[in-house]
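Report on one structure; see the data block that follows.
The figures that follow rest on heavy atoms only: side chains count, while hydrogens, waters and symmetry mates do not.
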Amino acid sequence: EEDILSLLKFRLEANSYEVLIASDGQEGLNKARNEKPDLVILDLMLPKIDGYKVCRMLKFDESYKNIPIIIFTAKDQKKDEDLGKEMGADAYVTKPFEPEMLLEKIRALLMKT
C-alpha cells in the first residue's frame, strides 16, 4: 500500500535508516540477494511472489539466513503468524501498527546481528 509504504519509509529515514523499496516479491527477493540488507520488512500480500515464499527463500539459503525478517501485514490470524514463523520470520507485526513498536523491534533485531 503506497501510503503505508511512504509513511514507513519516512519514519525509518527519520531514524537514520537507509531504506530500499521493492514493489513486488520478485523485486524484493532480487534486491535482498544483491544488496544483502541488514534487515528486511516484508508484506505477505505481494504481487509475483508472496511474502511467505520470499521469507522462506531467504531464510533457507545459507547466504541470507541471518538477515532478520519482519513480516508486516494486515493478516492478523494466529495461523498466519504461525506460518510466518515457520517460514523463518524473526518478528510479525500487524497493521494497523504503532510506529514506535515497529522501531523497537527493528532496533532489537539489529542488535542481535
Indicate every side-chain donor-acceptor pair of residues 53-62 with a distance under 3.5 Å to a residue at least two apart or in another chain.
residue	atom	partner	partner atom	Å
Lys59	NZ	Lys65	O	3.1
Lys59	NZ	Ile67	O	2.9
Lys59	NZ	Asp90	OD2	2.8
Asp61	OD1	Ser63	N	2.9
Glu62	OE1	Lys65	NZ	3.2
Glu62	OE2	Lys65	NZ	3.4

| How far apart are the closest heavy atoms of Lys75 and Tyr92, and which atoms are they? | O-OH, 2.7 Å

| field | CG on Asn30 to NZ on Lys48, rounded to 0.5 Å | value | 9.5 Å

| Within a strict 4.5 Å, meaning less than it, do heavy atoms of the Ile106 and Ile41 side chains meet? | yes

| message | Minimum heavy-atom separation for Gly51 and Leu42, please, with both atom names. | response | O-CD2, 3.2 Å

| request: Report the residues that fulfil side-chain hydrogen bond (donor to acceptor under 3.5 Å, both in side chains) with Lys79, sequence neighbours left out, ordered by chain and then residue number. | output: none

| task | Could you go through the side-chain contact (heavy atoms from CB on, under 4.5 Å) check for Val40 and Ile70 one step at a time? | result | CA-CA 6 Å; Val40 172; Ile70 297 175; over 6 Å; no

| said: Using every non-hydrogen atom in the two residues, find where Ile4 and Phe97 come nearest and quote the distance to one decimal. | reply: CG2-CE2, 4.3 Å

| query | Would you call Leu5 and Asp43 a side-chain contact if the rule is heavy atoms closer than 4.5 Å? | reply | no

| said: For the CG atom of Leu44 and the CD atom of Glu81, what is their distance to the nearest 0.5 Å? | reply: 10.5 Å

| note | Nearest heavy-atom contact between Pro37 and Ala32 is CD-O, 3.4 Å

| message | For a side-chain contact (heavy atoms from CB on, under 4.5 Å) check, start with the C-alpha distance between Phe72 and Val93, then their side-chain angles and the critical distance, and finish with the verdict. | response | CA-CA 5 Å; Phe72 183 63; Val93 176; 3.8 Å; yes

| message | Check whether Glu35 reaches the backbone of Lys31 with its side chain - one donor and one acceptor, N or O, closer than 3.5 Å. | response | no

| query | Which heavy atom of Val19 sits nearest a heavy atom of Ile21, and at what distance? | reply | CG1-CG1, 4.0 Å

| field | Nearest-0.5 Å distance, CG of residue Leu109 to CD of residue Glu104 | value | 12.0 Å

| said: Measuring from atom NZ of Lys9 to atom CG of Leu20, what distance do you get when rounded to the nearest 0.5 angstrom? | reply: 9.0 Å

| remark: One should read off an interatomic distance between Asn15 CG and Leu102 CG, to the nearest 0.5 angstrom, of 10.0 Å

| query | Is the closest basic N to carboxylate O distance between Glu100 and Arg107 below 4.0 Å? | reply | yes

| message | Show the nearest heavy-atom pair for residues Thr73 and Met45, with the distance to one decimal. | response | OG1-CE, 4.2 Å

| message | Check this for me, if you would: do Lys95 and Asp76 make a salt bridge, where the nitrogen-to-carboxylate-oxygen distance has to be below 4.0 angstrom? | response | no

| From Leu39 atom CG to Tyr17 atom OH, the distance as rounded to the nearest 0.5 Å | 8.5 Å

| request: Kindly indicate whether a cation-pi arrangement holds for Lys36 with Tyr64, taking the cut-offs as under 6.0 Å to the six-membered ring centre and within 45° of the axis. | output: yes

